[in-house]
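Read the structure below first, then the notes.
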Amino acid sequence: MSSPAGASPTGQGPVPAASLSGSCAMSASDIAAGVRSGELSALGVLEEHLSQVERWEPEVHAFNLVTADAARARAREVDAMVAKGKDPGPLAGVPVALKDLLCTRGVPTTCSSRILAGWRPPYDATVVKKVAEAGAVAVGKANMDEFAMGSSTEHSATGPTRNPHDLKRVPGGSSGGSAAAVAAGFSALALGSDTGGSIRQPAALCGVVGVKPTYGLVSRYGLVAFASSLDQIGPFGRSVADAALALDVISGHDELDSTSLPGDPPRAASRLGRGVEGLRVGVIAELAGAEGISPDVAAALDGAAQSLAASGAKVEEISVPSVRFGLSAYYMIAPAEASSNLARYDGVRYGFRSPGQDITEMYMATRSVGFGAEVKRRIMLGTYALSAGYYDAYYGKAQKVRTLIIRDFDSAYSSFDVLLAPTSPTVAFELGAKTADPLAMYLSDVCTIPSNLAGHPAMSVPFGKGECGLPIGVQVLAPALGEPVMFQVAEALEAAAPLGTGDPHGEEAK
Amino acid sequence: MSGPTDGAARDAGRGADWEMVIGLEVHCELRTATKLFCGCPNSFGDEPNVNVCPVCLGLPGSLPVLNKQAVEFALRIGAALHSLAQSSIFHRKNYFYPDMPKDFQISQYDVPINAGGWLELPSGKRIGIVRAHIEEDTGKTTHVGGGGRIHDAGYSLVDYNRAGVPLVEIVSEPDISSAEEAREYVEELRAILVATGASDGKMEEGSLRVDCNVSVKPLGSEELGTRCEIKNMNSLRSLGRAIAYEAARQAEVLSAGGRVTQETRHWDEAEGRTHSMRSKEEAFDYRYFPEPDLVTLAPSKEWVESVKANLGTMPAQLRRRVADAAGVPASSEAVSTVVRLGLEGLVGAAVDAKADAGLALRRLANEVAGELGDGGGHNLGREAFAHLVLMEQRGELTSAQARSVLKIMVAEGGQPEEVASRLGFKALGAGALEAVVEEVVAANPREWERYAGGDDKLTGFFIGKIKAATGGNADLKAASELLRSRRGAS
């Protein structure tokens, strides 16, 4: 499945700076404003993005499927609405990439797995409906690690996605296709899902903004589950404001999701433009100094903290002791839930089936062939963790760690408005660098996992460049429903970021 | 909560004295309009796979949303079984089978909505309830070809209409000590479930399904034997047969010095025996863990209290009311028959009309129950029935006549006077009967002399004459009493 490290399929370099032109270089809010006012046509915007896809997708492979025809039809509808004087909504004409685990009615949804081959959902995920109702134009289904299990998008049945900044490198994962699509100008926004860092880590590696909202803020209805108690859908954008715009479209209570939070959601954009004067910012000592944090990432985090202090925030180091156990707890809970969530892919009703002499053989053949190695590894891990006699020692204990992490965060938030941490320990690594060593791959998420365990929001904002001129992301963490203050701080970081941070193609690109 | 040992249990041992220890797990389908976690109709007997949606098909990305009506029914069942309603959670029970769309069942495990409780049998014995929890039903598989089992089938058909239908599983303590008592328990539970409105109680449609844990132990022993779980009993009759068979089998094994293996056994109705399905070692590891897609189910105090307040009258209370009215013990057969058939209102009608409630109870438990068999409706009006009882009580109809009138009223309805006159029954009061007796005695002086002299063989002769003279309208019991008292006076 994974390609060897090395040059891109056509031997070309990173997606060049000059290629981001026209609407492909515009923010989502500018596109929407232009389409709503009639200055831009949604179809014109789309065609520019499709040209960018046509030019660079063979190199990047951000998509499992580009739905060009449906997108054109949708763009025409948006333009027709504007022509009739109707408002298509806050995302009018904005091209959006959808991670290929969001159900799209009648459109293949594969989770980058062979086992869902040929399956077309009979319904749209709630977020898919919401972005469509806001006027967005879905351009395609973004590649990912199979069933969102991975940190590099190499565990995909359709082959790896490559980082637009360096085609020899991974985009991160599991939402690597979504992150790469936004970084490469294939879409202005993308939706991904984050179970242990699957939005924030690829956002950091691809130099874009990625948000994991508070658990329950965004409906999971129609999100193919990996680990239900950790999964959250969130947006990618090229700016903090764009990510806030997208989050405000997709958040809100959904009666189809029992874990969806009641009441009106906080508005992510509500505190933008206020600066950070007087805010209390804690740098998480255990993550800032975690083993494996590379010097360039540590330096970027320092720079970020200093820039906030310079803007009037009160910045201090803070200890959140139990986050050290996050990774271990996560690798009990997530596989356990996954082992159950993925049981339904059994060849009986839909998707891939490998025949057998009887039902047991059919089950075994279907799942042996249909799932990739990483998925099978986690199903086995989770099945074991839930087995009679082991439950208390593994799953039960991991849940206790989870409680501890929440308690430690609560205590930290009694003194701080937001917390800072690295997003990924390193910049993007080369394809194949970690595929042979699952544990090394798992460590990519050491800084992002605690927020999933706590159910708290966190986002990654590009802040400077590291080794080989590759982007670095800094993570802003906030208490449950603390999205407004989180975006407020993220915006300040975006404004203070070193020159060249916003350049999506790296210093090497001429 | 172990009750006294039922003598019938000893039948099991075939020679040795063994007693049965039985616990039942009853799955009750709830009469909700829609399924437990989605809006699909909860309806029996439709075309296969029409009542399905992404949620009950377990399609990727779908999520369950709990049906409030199902919780209401579960709370009613709990209240009727004297259970404690508590804050509860759902678990996933994981195993692979094609009738389960998600390959796990959403059920409740260690924290069920209803904990503890008891059910009172008509005999007065209380059977402990461990729990009554909510879970979803599976689809229905039909294995075509082979032995009708999945592994030898040529192919299997699955109907997911039933997948996600709400169930409450009621687990009893092992307080049941005979096959007959097990049947009584299920009958009583069924009556309670119907009375709460939660179930239609139809065993034949699978609305009520019973699994059974059976073990035997030497009579009087404190130590429990190894139990077997029996599945696939589709009627009360097969439940009784299966328990009797299984207890006898275990007793035989133990009597021969063997050991009972803990296992799940399948009842074969045609063969009349149980056979092993899977041993304890082969038992599934269900890998239970809390269902992350649902939140804690914590019914408010107000909700629980309002369920209790609006529960309506349960069968045991009805039996007590009927028994008090009729002046008989609540444990009497007649009372439980009348309540089982839902005829208690007619006893009430007799009471309201100041008729003899005891007589009303006897007529209902005997004649009416006999006409109705195990089910079916009747056309008795409340006032009409009460009036019939009064007519019999006053001697306006003989008991034989009253029974005949009653049978017709059960089938066709109508007023007792009208039915009686249609049958040619004349009202024959006590005075009229006396006059007939005098006439018959006067017409047969020689026979009277012999009868008066103590020859009881002539009773039949006089009764025959009286019957003929009244065209069958005489209350013959009253007539023979008149004859006896006339003889005593003479």
Side-chain angles (χ1 to χ4, degrees), chain A residues 101-103 109 111 116 119 121-126 147 216 219-225 227-231 254-260 333 336-337 339-351 357-360 362-363 367 382-391 395-396 399, chain B residues 37-39 49 52-55 57-67 90-106 109-110 139 141 143 146 149-158 160 163 280 283-297:
Chain A
L101 46 43
L102 296 171
C103 286
T109 299
C111 300
L116 274 170
W119 183 62
Y123 70 103
D124 278 328
T126 296
F147 284 103
S219 168
R220 291 183 295 117
Y221 192 77
L223 163 72
V224 179
S228 311
S229 74
L230 303 163
D231 295 342
D254 180 8
E255 59 180 24
L256 298 177
D257 176 358
S258 307
T259 62
S260 164
I333 294 169
E337 293 182 11
S339 72
S340 175
N341 282 330
L342 271 61
R344 70 193 69 191
Y345 309 109
D346 59 8
V348 171
R349 289 159 297 270
Y350 46 79
Q357 281 302 306
D358 64 10
I359 183 89
T360 310
M362 189 280 279
Y363 281 154
R367 292 168 66 80
T383 303
Y384 184 75
L386 290 176
S387 298
Y390 295 99
Y391 179 91
Y395 191 82
Q399 290 291 12
Chain B
F37 297 120
C38 63
N49 298 313
V52 293
C53 74
V55 174
L57 285 178
L59 292 187
S62 65
L63 295 171
V65 178
L66 185 59
N67 180 336
F90 288 88
H91 270 69
R92 289 187 184 176
K93 181 180 181 178
N94 296 285
Y95 64 100
F96 283 86
Y97 203 77
D99 66 8
M100 282 212 305
K102 303 181 291 292
D103 287 307
F104 61 79
Q105 180 190 25
I106 303 178
Y109 182 51
D110 52 358
T141 32
H143 305 301
R149 297 179 66 167
I150 191 165
H151 286 277
D152 345 300
Y155 59 93
S156 298
L157 300 170
V158 195
Y160 293 108
K280 192 185 175 188
F284 296 121
D285 177 355
Y286 292 120
R287 291 175 286 116
Y288 280 102
F289 76 104
E291 165 58 278
D293 287 330
L294 290 170
V295 293
T296 301
L297 169 57

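Order of the sequence lines fixes the chain letters, A, B, ..., with proteins taken first and strands second; residue numbering starts at 1 for each chain.
- Side-chain contact of A:S260 with A:D254: a donor-acceptor pair under 3.5 Å is absent, judged by distance alone.
- At a 4.5 Å heavy-atom cutoff, the contact between A:T383 and chain B is made by backbone and side-chain atoms alike.
- Residue contact with chain B, scored on non-hydrogen atoms closer than 4.5 Å, involves the side chain of A:Y350 exclusively.
- Going from atom CZ of B:F104 over to atom CD of B:E291 covers 5.0 Å, rounded to the nearest 0.5 Å.
- The CG atom of A:L386 sits 5.0 Å away from atom OG of A:S339, with the distance rounded to the nearest 0.5 Å.
- Heavy atoms of A:L102 lying under 4.5 Å from chain B are absent altogether.
- The part of A:Y123 that comes within reach of chain B is its side chain, from C-beta onward, which places non-hydrogen atoms under 4.5 angstrom from that chain.
- Interface check for chain B: of the options A:G222, A:A385, A:G347, A:S229, the most heavy-atom pairs under 4.5 Å are formed by A:G222.
- The closest side-chain donor-acceptor pair between A:R220 and A:T259 falls under 3.5 angstrom.
- Contact of B:D293 with chain A is made through backbone and side chain together, with heavy-atom distances under 4.5 Å.
- Between A:R349 and B:D103 there is a salt bridge, since a side-chain N of the basic residue sits under 4.0 Å from a carboxylate O of the acidic one.
- Between the side chains of A:S228 and A:N341, a donor-acceptor pair is found at a separation under 3.5 Å.
- Ring pair B:F96/A:Y363 is tilted by interplanar angle, where 30° to 60° counts as tilted.
- In this structure, the portions of B:F289 lying under 4.5 Å from any heavy atom of chain A include both its backbone and its side chain.
- Counting heavy-atom pairs under 4.5 Å between each of B:S156, B:C53, B:C38, B:G58 and chain A puts B:G58 at the top.
- Between chain A and the residues B:L59, B:L66, B:V295, B:V158, the most heavy-atom pairs under 4.5 angstrom are made by B:L59.
- Ranked by heavy-atom pairs under 4.5 Å with chain B, the first of A:L342, A:D358, A:L116 is A:D358.
- Side chain of A:R367 to main chain of A:Y345: a donor-acceptor pair is present (N/O by atom type, distance under 3.5 Å, no hydrogens or angles).
- Contacts between B:Y160 and chain A at a heavy-atom distance below 4.5 Å involve the side chain alone, from C-beta outward.
- Interatomic distance, CG of B:L157 versus CG of B:D99, reported as 13.0 Å (0.5 Å rounding).
- Using a 4.5 Å cut-off between heavy atoms, A:E255 touches chain B through its backbone atoms (N, CA, C, O) alone.
- Neither the backbone nor the side chain of A:A125 comes within contact range of chain B; no heavy atom of the residue lies under 4.5 Å from a heavy atom of that chain.
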